[in-house]
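Here is the naming used below: chain letters follow the sequence lines, and residue numbers restart at 1 for every chain.
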Number of protein chains: 2
Amino acid sequence: MTVTTLHTPSHREALWELESAFDRGDLITVFGECSVEYEGRAASTLGLGNRLLVLKPDGSALVHTDEKRTPVNWQPPGSTHHAAVRDGRLRVRSERTSPDETLTVRFTAVHQLSAMGVTGGRDLEVTGSEADLRRRILEDPDLVEPGFEPTAVERDSAAGPMDVFGVDASGTAVVLELKRRRVGPSAVSQLARYVDAVAEEPDRDPDAAVRGILVAPSITDRAAELLADRGFEHVALEPPEPETPGAETKATDSAEAAEPKAETTEPEEPKAETTEPEAETLGTETASDDDEPIEADAPEPSGSASRESQQ
Amino acid sequence: MTVTTLHTPSHREALWELESAFDRGDLITVFGECSVEYEGRAASTLGLGNRLLVLKPDGSALVHTDEKRTPVNWQPPGSTHHAAVRDGRLRVRSERTSPDETLTVRFTAVHQLSAMGVTGGRDLEVTGSEADLRRRILEDPDLVEPGFEPTAVERDSAAGPMDVFGVDASGTAVVLELKRRRVGPSAVSQLARYVDAVAEEPDRDPDAAVRGILVAPSITDRAAELLADRGFEHVALEPPEPETPGAETKATDSAEAAEPKAETTEPEEPKAETTEPEAETLGTETASDDDEPIEADAPEPSGSASRESQQ
DNA sequence: CGTGCCAGGTGCCCT
DNA sequence: AGGGCACTTGGCACG
């Protein structure tokens, strides 16, 4: 692993390092006093101040202040970075086309510039998504209501694809809209669009009812009113708790199997393999990792540490 | 400006520096090989790899790979950072409550750790927002249609606040939904919610029509269909071009004046001070700042630059 | 703090 | 490339 760091470099030195770091495809951080300008989908200006600029080899650029999770300015992946010295300042510019956007960062002073080679390791596993909620429902449709039978996922309609489509015990068509968290009015509108679209499909008996069910952990009062106005229903349901890391493999596999891969078609009978309705068998945590006092005697990796503070 | 940097520190050294940097309220970057775990609103795991961890004094934490604008993992502002050495790894943990969330980053190796003092300079000026589009319409309502008269902004309805509410030349109620960019079906649904809500207000003549107009630069085909189904209209309009930086002050002031500050009430007559309808007088750019070849002779700031590369 | 909504949203997947 | 939508959306403003 290679890290190159310049402390309070001249603009020209910073420029050289930036250009070679661009060539190497390094991840770059620049900390210094700068002003920022953006022009593209919108336009913005930011006065002088100390910020952290991150330049990624995929073309992303981030300008971070000491606050917020969101960068104060940025450039999306696919942009190309350029560096130059202009008017006694180090100018870093990131541009892209379609849409045309330009981010310009002008440094009056660079306090630190680092370039590091970064590779791989981006495979993130997430649980608790809407897809997990859908799996849960497909595994056990009775969670929605007794006798509910899903017939398709992502079935297309004139208003867009529906999360889950099916029939209730009496054979009435049912549209499900799934949300992984508490929802407001927009979710009701979304459901309404789909229900209306299905109701108006030409090959459908115009008198046949179409039910709409919003599946979400909870809904706001306003959403509940709108839901009632339209005669829709709410079923309180959340994504399943994440499985215990050790035992998750089997459960995930069975869930995958229950997921109908073919879209707009009938899902196979939910294979009742792992027939524990909600087996929340927690408690297999590694005891060594709970939160204890900060200091701990631990072996240290060999490595000559150097420390410098400037000014 | 102070920057403290450790190169390939031992975990214990990194720990010390982290704790003092927390105390100082510094912005911290840690580059190293780590695995990441998140549990809270959802849950996720990320295997070993080289990443950049940014810890902000406001509690934000960002884990960045070499790709994407969005961090692969993060913690929102308001969290509290902790550091410890556990099982021979440097563990950085960021926690918050309501909702309960924990981000855990475990470093097997720290390549670089930097701490920098950052203050102020977060005043971003943006133009081209929906608010700008609204100003534009309030300044010249005829842009929507001849004779249109706005009577309120953000007027509340049973379905939520409407962007602009008014009457057309014939006295019919009009609901405007503004979008700064091309829109899809959801914008139509949003407009529909407001129109329906207004139409059903008890003090209103049930036979009186309520028009709905979607003001956006453009709309998708599907949105156009849904719009037509509901008998709504689309007016193609964008946020105004950003003013020339030098001349913007006066224009901005007049625009601010035209903005009705009191909500749910009648806006004062648009003061026709700067009565150029669309004075796109571009062309006052500083010629010194266009894109020219990279190298340029420029004065360099004094400052002893040091450069180190590791391994 | 919850509710509602804009955002330069970003990212993913599909056509 | 554009459409449609989920997201640990984030952030803001208002009740």
Student: Between C:dG4 and C:dG8, how far apart are the P atoms? Round to whole Å, please.
Tutor: 23 Å

Student: With a 4.0 Å heavy-atom cut-off, tell me which residues in residues 57-67 of chain A come close to DNA chain D, sorted by residue number.
Tutor: none

Student: Check whether A:His81 reaches the backbone of A:Lys56 with its side chain - one donor and one acceptor, N or O, closer than 3.5 Å.
Tutor: yes

Student: Whole angstrom is fine here: how far is it from CZ in B:Arg134 over to C1' in D:dC12?
Tutor: 13 Å

Student: Any side-chain N or O of B:Lys68 under 4.0 Å from OP1/OP2 of C:dC12?
Tutor: yes

Student: If only atom types and distance count, is the side chain of A:Arg51 paired as donor or acceptor with the main-chain N or O of A:Cys34 below 3.5 Å?
Tutor: yes

Student: Does a side-chain N or O of A:Gln190 approach OP1 or OP2 of D:dG4 to a distance below 4.0 Å, or not?
Tutor: no

Student: Between P on D:dC14 and CZ on B:Arg155, what's the gap in Å once rounded to a whole number?
Tutor: 18 Å

Student: Using modelled atom types only, decide if a donor and an acceptor are shared between the side chain of B:Arg91 and the backbone of B:Phe107 within a distance under 3.5 Å.
Tutor: no

Student: Does C:dG4 have its OP1 or OP2 closer than 4.0 Å to a side-chain nitrogen or oxygen of B:Tyr194?
Tutor: no

Student: Atom CG of B:Leu191 to atom P of C:dC5: distance rounded to whole Å?
Tutor: 12 Å

Student: Nearest-nucleotide wise, let me know which of A:Ser98 and B:Pro77 is further upstream toward the 5' end of DNA chain D.
Tutor: A:Ser98

Student: A:Asp156 has an atom CG; how far is it from atom C1' of D:dG3, in whole Å?
Tutor: 11 Å

Student: May I ask you to verify if any side-chain N or O of A:Trp74 is less than 4.0 angstrom from the OP1 or OP2 atom of C:dG9?
Tutor: no

Student: Return the value, rounded to whole Å, for the distance between atom CD of A:Glu154 and atom C1' of D:dC5.
Tutor: 9 Å

Student: Send over the distance from B:Arg96 CZ to D:dG10 P, rounded to a whole Å.
Tutor: 7 Å

Student: Could you tell me whether the side chain of B:Asp221 has a donor or acceptor atom within less than 3.5 Å of a complementary atom in the base of D:dG3?
Tutor: no

Student: To the nearest Å, give me how far apart CZ (B:Arg222) and P (C:dC14) are.
Tutor: 15 Å

Student: So, OP1 or OP2 of D:dT8: does either fall under 4.0 Å of a side-chain N or O from A:Ser129?
Tutor: no

Student: Could you check which of C:dG4, D:dG4, D:dT8 has an atom nearest any side-chain atom of B:Pro161?
Tutor: C:dG4

Student: Atom CZ of B:Arg41 to atom P of D:dT8: distance rounded to whole Å?
Tutor: 8 Å

Student: Using a cut-off of strictly less than 4.0 Å between a heavy atom of the residue and any atom of DNA chain D, enumerate the qualifying residues of residues 176-189 of chain B by number.
Tutor: B:Arg182, B:Pro185

Student: I'd like to know if the side chain of A:Gln75 and the backbone of A:Ser94 have a donor-acceptor N/O pair within less than 3.5 Å.
Tutor: yes

Student: According to a strict under-4.0 Å criterion, is B:Thr70 in side-chain N/O contact with OP1 or OP2 of C:dG11?
Tutor: yes

Student: Considering only C:dG8, D:dT8, C:dT10, which nucleotide approaches the side chain of B:Arg69 most closely?
Tutor: C:dT10

Student: Pick the closest DNA chain D nucleotide for A:Asp163 and for B:Pro76 by heavy atoms, then say which residue is nearer the 5' end.
Tutor: A:Asp163

